[in-house]
Protein chains: 2
Amino acid sequence: MPKRRITQADVAAMAGVSQATVSFVLNDRLPAGVRLSAETRQRVLDAIRITGYSANPVAQRLAGGRNQIIGVFTYEATFPGGGRDFYGPFLVGIEHAAEQLGIDILLFTSARVVEGRRRLTRDGWQRLGIADGCLLLGQHEDRSELQHLLDTNYPFAFIGKRSSEGGRLPYVGADYTGATRRVVERLVGLGHRRIGYVGALGTDQPTTDRWEGYRDALRDAGLGARLVPEEEPDEIVTAVVEQGLTAVVLSPERDPEELHDALGRHGLDVPRDVSVLLLGQPHHRLRRPQEWSGYAIPREEMGARALLLLSRLVAGDDVGDEELHRLLECTEVTGGTVGPPASQRAPTGTDGSLVP
Amino acid sequence: MPKRRITQADVAAMAGVSQATVSFVLNDRLPAGVRLSAETRQRVLDAIRITGYSANPVAQRLAGGRNQIIGVFTYEATFPGGGRDFYGPFLVGIEHAAEQLGIDILLFTSARVVEGRRRLTRDGWQRLGIADGCLLLGQHEDRSELQHLLDTNYPFAFIGKRSSEGGRLPYVGADYTGATRRVVERLVGLGHRRIGYVGALGTDQPTTDRWEGYRDALRDAGLGARLVPEEEPDEIVTAVVEQGLTAVVLSPERDPEELHDALGRHGLDVPRDVSVLLLGQPHHRLRRPQEWSGYAIPREEMGARALLLLSRLVAGDDVGDEELHRLLECTEVTGGTVGPPASQRAPTGTDGSLVP
DNA sequence: ACAAGACGATTATGCGCATTATTATCGCGC
DNA sequence: GCGCGATAATAATGCGCATAATCGTCTTGT
């Protein structure tokens with residue numbers, strides 16, 4: 001139980017070699033022009049074993065080496081509390097992979113919050129340097145930050161698809177477009193002809209991807225897209241009634257139970273009168289055991305694979321393009337909120353919101 | 001957007017002083033025998049502002065300083081997945097406090113897992129050194145680890161009461177004993193006379209504390225403690241029937257819904273026939289909206305206060321005993337699983353499990 | 001017998017900071 | 001005109017490691 005921690009110098013003394021030699025053995029990589037005999041190498045290894053040496057990650061990092069720490073930066077609070085837990089599942093996957101790889105996770109909880117959202121400001125950048133690389137989670141659009149990341153050559157990877165910056169951003173995403181397309185096709189296959197999309201039409205990647213899948217699936221079926229703007233639940237129900245929608249797909253930011261209740265208040269049953277599909281796990285905590293039909297984003301796997309990708313980037317392996325921009329499949333959730341259309345229902349209002 | 005990060009040397013050059021002077025100004029603390037003029041100080045501060053300097057945490061730490069990183073060590077997986085999320089609420093609190101204090105959180109996810117539980121082995125100790133101090137969560141009993149913590153003088157704090165090591169372990173805990181006592185008193189006040197304790201009687205602190213509160217409350221009411229060993233739900237129901245229990249308090253490790261179902265199968269309604277109290281938030285994910293009566297452990301606040309405590313320890317403030325060993329109150333949860341006893345029910349079997 | 005490699009290491013340096021030891025300049029009394 | 005305390009700073013050192021530059025000592029060919 002030594003008071004002072006054991007350093008490479010201690011190991012070196014025991015093995016009768018220089019500190020540099022110990023470093024070479026540890027890193028198992030000889031700089032050009034340096035050679036070690038097998039015997040010396042073994043002596044060093046023995047000394048390492050006997051002393052129980054383990055590297056000081058701080059010194060390692062300062063000297064320009066790797067320290068097996070990966071940063072995780074979330075643009076919103078990592079653990080929001082109040083039952084809403086968006087990042088949790090990603091962290092489950094990240095932790096799992098980290099454990100396998102022997103990596104510690106650094107959460108940048110100190111980053112300045114500007115306008116309700118964390119920022120990588122100057123001191124943020126500085127702090128990134130603690131870790132070998134960094135995973136980025138959450139919505140954000142700041143070009144200068146991305147640019148900085150790219151041209152400092154600091155290893156990083158996004159969790160969630162990022163198609164900006166000319167495809168130079170490494171990420172592990174989920175195939176929202178394909179998953180949305182498939183569930184909509186399923187609705188079409190069941191006989192639905194008037195299928196609405198409930199959600200805000202933002203410019204963020206998940207939203208645009210979902211909308212694309214929705215729109216294309218309908219287009220291929222010869223049907224029109226119908227955007228139900230994200231409004232009060234009752235207004236949504238009004239739109240459903242007026243347009244005679246027999247099914248809606250729901251952006252996961254919206255509380256599905258709220259909509260369910262509103263439909264109920266207007267005498268519409270799910271799924272008898274209206275089928276409801278959830279485009280991803282709901283961000284709200286559900287209060288009822290009801291299983292919602294739709295698809296699930298493989299968040300744990302995304303986290304794990306992103307860490308794997310990043311660790312390869314850190315190691316300097318050159319990774320192929322398909323590895324740098326991986327899209328994982330979402331899994332369909334059968335649930336109980338989808339059924340065949342109630343054929344008798346017809347629109348009571350205009351087709352105003354029909355989107356070409 | 002400088003390629004190389006700005007160092008104290010850069011700031012020093014701009015201000016026309018030495019690097020050491022910059023360090024003095026930054027730390028706002030002059031070592032004995034060093035003096036700075038107000039004017040020099042101001043020049044340095046200006047240079048810091050202009051250059052946007054921010055300290056390199058790695059170098060800071062290597063040089064023996066603080067780096068505003070706090071480690072979090074969990075003896076089990078931090079994010080277990082599968083819906084069970086025990087540490088989550090603590091982390092919410094920790095993160096919140098960390099954000100306030102400008103502190104980053106380092107999760108020691110790399111710690112070796114031995115026998116299903118993380119260990120602070122030699123390399124674990126080494127890695128702790130990255131952070132200024134460390135929060136410890138989860139059950140564990142390894143004396144040598146605790147001893148090491150104590151005599152290396154490394155700042156740390158437990159989340160959860162730790163009365164071992166002669167009260168030298170700093171912690172922020174929850175008052176299980178008091179909370180359990182109060183809910184049992186509430187049952188007694190409602191007229192219950194045969195109240196069982198369902199759960200394993202381990203040696204861990206939470207369990208012994210809960211049992212103590214339960215036992216004392218009954219003793220003060222002139223009643224006997226009745227331990228219902230943690231068994232299959234149906235066996236528990238049998239014990240309830242045989243002993244004529246009108247209420248049980250439930251250790252949170254046990255799935256309350258499972259017990260609820262078993263009671264139902266035997267024709268016993270909650271709370272009409274049996275009142276059920278939960279001694280803390282259930283560790284299982286609940287599948288029904290049912291609100292369980294009992295009490296809630298203030299996990300978020302525990303996390304936050306533990307971080308606050310630790311940051312004071314790191315700063316070297318001397319903290320009083322009551323701050324070093326703080327017990328937070330649990331909040332009572334009214335819920336719907338408690339009612340007056342069904343007076344007609346009487347024991348069908350013996351009083352075998354009565355504990356004096 | 002002697003230069004030219006091959007072999008097997010070592011020494012030196014710096015990362016960015018905190019901290020200790022040291023220096024330089026002035027004013028003042030005697 | 002010289003020592004001495006006060007003032008205001010700087011130079012030097014080390015944290016533990018990675019890495020570049022360097023240095024012996026053999027062996028071999030001629």
Side-chain angles (χ1 to χ4, degrees), chain A residues 2-13 15-44 48 51 53-69 123 125-130 132 316, chain B residues 2-13 15-44 48 51 53-69 123 125-130 132 316:
Chain A
K3 232 18 180 193
R4 209 175 56 80
R5 301 188 301 202
I6 291 168
T7 71
Q8 290 187 356
D10 300 326
V11 175
V17 298
S18 70
Q19 171 263 320
T21 302
V22 176
S23 177
F24 296 149
V25 170
L26 281 165
N27 293 0
D28 201 21
R29 190 172 51 76
L30 300 182
V34 173
R35 312 191 41 96
L36 296 182
S37 68
E39 193 242 352
T40 300
R41 206 182 113 80
Q42 191 54 52
R43 271 213 322 285
V44 171
I48 289 171
T51 56
Y53 167 83
S54 97
N56 178 332
V58 175
Q60 258 177 327
R61 190 67 190 155
L62 186 62
R66 311 278 164 232
N67 64 359
Q68 303 297 98
I69 296 178
D123 32 322
W125 291 118
Q126 186 78 282
R127 299 208 128 239
L128 281 192
I130 302 168
D132 292 341
Chain B
K3 225 44 179 175
R4 207 176 57 80
R5 302 188 300 202
I6 291 167
T7 71
Q8 289 189 355
D10 299 326
V11 175
V17 298
S18 70
Q19 172 262 319
T21 303
V22 176
S23 177
F24 296 147
V25 170
L26 280 166
N27 294 2
D28 201 21
R29 190 172 51 75
L30 299 182
V34 173
R35 312 193 38 97
L36 296 181
S37 69
E39 192 240 354
T40 301
R41 206 182 115 78
Q42 192 53 52
R43 271 213 320 284
V44 171
I48 289 171
T51 55
Y53 167 83
S54 98
N56 178 332
V58 175
Q60 257 177 328
R61 189 68 189 154
L62 186 62
R66 311 276 164 233
N67 65 359
Q68 303 297 99
I69 296 179
D123 33 323
W125 290 118
Q126 186 77 283
R127 299 207 130 242
L128 282 193
I130 303 168
D132 292 342

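Below, chain A is the first sequence line, B the second, and so on; all start at residue 1.
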J.: Rounded to the Å, how far apart are Asn56(A) CG and dC15(C) C1'?
T.: 13 Å
J.: Taking only side-chain N and O atoms of Thr40(A), does any of them lie within less than 4.0 angstrom of OP1 or OP2 on dG8(C)?
T.: no
J.: Ignoring hydrogens, what is the shortest heavy-atom contact between Val11(A) and Val44(A)? Give both atom names and the distance.
T.: CG1-O, 4.2 Å
J.: If you only use heavy atoms from C-beta on, which nucleotide in dG16(D), dA8(D), dC7(C) is closest to the side chain of Arg35(A)?
T.: dC7(C)
J.: What are the two closest non-hydrogen atoms of Gln19(B) and Ala9(B), and how far apart are they?
T.: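 Looking at all heavy atoms of both residues, the shortest contact is CG-N, 4.3 Å.
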J.: Would you name the heavy atoms of Gln8(A) and Val22(A) that are closest together and state the gap between them?
T.: O-CG2, 3.8 Å
J.: Using whole Å, what does the distance between atom P of nucleotide dA18(C) and atom CG of Asp132(B) come to?
T.: 12 Å
J.: Using a heavy-atom cut-off of 4.0 Å across all strands, would you classify Leu62(A) as base, sugar-phosphate, or nothing?
T.: base
J.: Output one line per pair: protein atom, nucleotide atom from nucleotides 19-28 of chain D, and distance, for all N/O pairs under 3.5 Å.
T.:
residue: dT19(D); atom: OP2; partner: Arg29(A); partner atom: NH2; Å: 2.8

J.: Specify the closest pair of heavy atoms between Tyr53(A) and Thr7(A), including all atoms of both residues, with the distance to one decimal.
T.: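 Minimum heavy-atom separation between Tyr53(A) and Thr7(A): CE1-C, 3.6 Å.
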J.: Send over the distance from Leu30(B) CG to dT22(C) P, rounded to a whole Å.
T.: 19 Å
J.: Quickly work out the Ile6(B) CD1 to dG16(C) C1' distance and round it to whole Å.
T.: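 Rounded to whole Å, this separation is 14 Å.
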J.: Within the 4.5 Å heavy-atom criterion, are Arg41(B) and Asp28(B) side-chain neighbours or not?
T.: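 Answer yes - side chains close enough.
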J.: Could you tell me whether the side chain of Thr51(B) reaches within less than 4.5 Å of the side chain of Asp10(B), counting heavy atoms only?
T.: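 Of all side-chain heavy-atom pairs linking Thr51(B) with Asp10(B), none is under 4.5 Å.
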J.: Please state how far atom CZ in Arg66(B) lies from atom C1' in dG16(C), giving the value in whole angstrom units.
T.: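 Answer to the nearest Å: 17 Å.
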J.: Rounding to a whole Å, what distance do you find between Arg61(A):CZ and dC15(C):P?
T.: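 Arg61(A) atom CZ is separated from dC15(C) atom P by 15 Å.
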J.: Would you mind reading off the distance between Arg127(B) atom CZ and dG16(D) atom C1', rounded to a whole angstrom?
T.: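 Those two atoms, CZ and C1', are 14 Å apart.
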J.: Just the rounded figure in Å: distance from P of dA18(D) to CG of Asn67(A).
T.: 11 Å
J.: Between CD1 of Ile69(A) and CZ of Arg61(A), what distance do you get to the nearest 0.5 Å?
T.: 8.5 Å
J.: Could you give the angle between the helix axes at the two ends of the helix from dA1(C)-dT30(D) to dC30(C)-dG1(D), with five pairs per end, rounded to 10 degrees?
T.: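 Rounded value for the end-axis angle: 90°.
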J.: Which atom names give the shortest non-hydrogen contact between Pro57(A) and Asn67(A), and what distance separates them?
T.: O-CB, 3.4 Å
J.: Where is the tightest heavy-atom contact between Val17(B) and Arg43(B), given as atom of each residue plus distance?
T.: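 Looking at all heavy atoms of both residues, the shortest contact is CG1-NH2, 3.7 Å.
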J.: It should be established whether Thr7(B) places a side-chain nitrogen or oxygen under 4.0 Å from OP1 or OP2 of nucleotide dG16(C).
T.: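 It does not, given that no N or O in the side chain of Thr7(B) lies less than 4.0 Å from OP1 or OP2 of dG16(C).
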J.: If you compare every side-chain N and O of Gln60(B) against the phosphate oxygens of dG16(C) (OP1, OP2), does one of them come in below 4.0 Å?
T.: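 So the side chain of Gln60(B) is outside the cut-off, no N or O lying under 4.0 Å from OP1 or OP2 of dG16(C).
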